[in-house]
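The structure appears right after this line, and notes come after that.
Every heavy atom of this structure was used, including side-chain atoms; hydrogens, water molecules and symmetry mates were not. Indexing begins at 1, ligand by ligand and atom by atom, following the structure's order.
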Amino acid sequence: MSTLTIAIAKGRILDSMRPLWEAAMNVWPIPDSTRQLWFPPSAQTPGVLIARARDIPTMVSLGVADLGVVGLDVLREYPQPDILEVADLKISQCRIVMAGSHDSWPEGPVRIATKYPRIARQFLEQHQISGELVALSGSLELAPVLGLAPYIVDIVDTGQTLSEHDLHEILTIMASSARLIANPAHWYTKAEAQEFRDVMAYQREEVGNVKR
Ligand code: PRT
Ligand code: MG
């Protein structure tokens with residue numbers, strides 16, 4: 001009987017976790033086309049809790065879930081000190097980039113639309129660029145088209161979305177992939193949590209030494 005519960009970010013991360021999980025455990029606890037968000041642990045598999053990406057670190061930190069799976073982009077935008085990052089699962093790989101209607105570095109103060117104001121602000125500070133951020137929660141590619149902001153900081157995978165909006169990638173701010181995170185108390189007391197990491201990451205490279 002498993003006693004483990006794993007909170008997984010809904011959407012692409014959940015979709016890309018499925019083949020990894022099935023390869024490792026032979027069973028996927030979530031029936032197709034269900035709307036249920038909570039699947040308790042069973043004899044065959046740990047429990048799964050499906051939540052919004054930015055809520056995963058909170059759930060893990062509070063111990064509602066022992067482990068969580070969420071993008072590094074979300075971990076960096078909404079830092080949560082009370083969690084451990086225990087493996088890079090190397091799924092849902094993407095990059096956070098700065099893009100714009102021109103392919104060159106902006107001159108003078110810039111206005112940048114983004115879903116990642118914290119990451120974008122740190123980037124501007126590091127490169128001593130003065131800029132004004134416009135925080136949007138989605139459809140970033142519309143900002144340059146509408147004249148809201150000539151530049152965006154957003155996630156790119158294949159680049160198709162950018163090119164369909166006549167946007168050019170200027171530079172990569174960070175690479176992201178799904179990370180396995182852990183509640184520290186549960187990580188150090190539940191052997192099952194570390195076994196889960198080992199099983200899921202058996203083909204994957206581990207993050208190295210456990211770090212916050
Ligand atoms: O509501 P929100 O969008 O925040 O989350 P969601 O529930 O819709 O989740 P979802 O499925 O969008 O997944 C978000 C997580 O997946 C991110 O936190 C990343 O860690 C990861 N990920 C990996 C991506 C992409 N690849 C990706 N391509 N998240 C988003 N995209 C979007 C991007 O925003 C852009 O609109 O896809 C478009 C770009 O894709 P290309 O292939 O055209 O470049
Ligand atoms: Mg989305």
Report yes if some heavy atom in the side chain of [X] is under 4.5 Å from a heavy atom in the side chain of [Y]; otherwise report no.
X      : Y      : value
Ile152 : Leu140 : yes
Leu124 : Ile112 : yes
Leu4   : Asp66  : yes
Met25  : Pro46  : yes

| field | Test log, rule side-chain hydrogen bond (donor to acceptor under 3.5 Å, both in side chains), inputs Glu164 and Gln160 | value | CA-CA 6 Å; Glu164 284 183 7; Gln160 191 185 337; 2.8 Å; yes
With heavy atoms of [X] as the reference, note each atom of ligand 1 found under 4.0 Å away.
X      : answer
Glu141 : 35 (C), 36 (O)
Gly71  : 20 (O)
Gly11  : 11 (O)
Cys94  : 19 (C), 22 (N), 23 (C), 26 (N)
Thr161 : 38 (C), 39 (C), 40 (O), 41 (P), 43 (O)
Val156 : 44 (O)
Lys115 : 2 (P), 3 (O), 4 (O)
Gln160 : 43 (O), 44 (O)

| message | Could you go through Ser16 and Arg18, starting from their C-alpha distance and side-chain angles, then the distance that decides it, and tell me whether this counts as side-chain hydrogen bond (donor to acceptor under 3.5 Å, both in side chains)? | response | CA-CA 5 Å; Ser16 54; Arg18 182 175 179 162; over 6 Å; no
Nearest candidate to [atom], where distance is taken over non-hydrogen atoms, out of [options]:
atom                    : options                     : result
atom 37 (O) of ligand 1 : Arg95, Arg12, Glu164        : Arg12
atom 9 (O) of ligand 1  : Lys10, Arg179, Gln93        : Lys10
atom 19 (C) of ligand 1 : Val97, Leu140, Asp73, Ile91 : Asp73
atom 35 (C) of ligand 1 : Ile155, Thr158, Leu72       : Ile155

| task | In sequence, state the C-alpha distance, the side-chain angles, and the governing distance for Ser177 and Asp88, and then conclude on side-chain hydrogen bond (donor to acceptor under 3.5 Å, both in side chains). | result | CA-CA 7 Å; Ser177 56; Asp88 180 355; 2.7 Å; yes
| task | Could you give me the CA-CA distance, side-chain angles and deciding distance for Ile13 and Ile56, then say whether side-chain contact (heavy atoms from CB on, under 4.5 Å) is met? | result | CA-CA 12 Å; Ile13 293 195; Ile56 302 286; over 6 Å; no
| message | Using a 3.5 Å cut-off on N or O atoms only, is Arg52 in polar contact with ligand 1? | response | yes
| query | Is the shortest N/O to N/O distance between Ser92 and ligand 1 below 3.5 Å? | reply |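 It does not: no N or O of Ser92 is found under 3.5 Å from an N or O of ligand 1.
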| request: Assess the side chains of Glu192 and Thr3: does a donor N or O sit below 3.5 Å from an acceptor N or O? | output: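 Yes - a donor-acceptor pair under 3.5 Å links their side chains.
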| request: Using the six-membered ring wherever Trp is involved, compare the ring planes of Tyr151 and His102 and label them parallel, tilted or perpendicular (cut-offs 30° and 60°). | output: tilted
| Within reach of ligand 1, part of Val74 (heavy-atom separation under 4.0 Å) | side chain
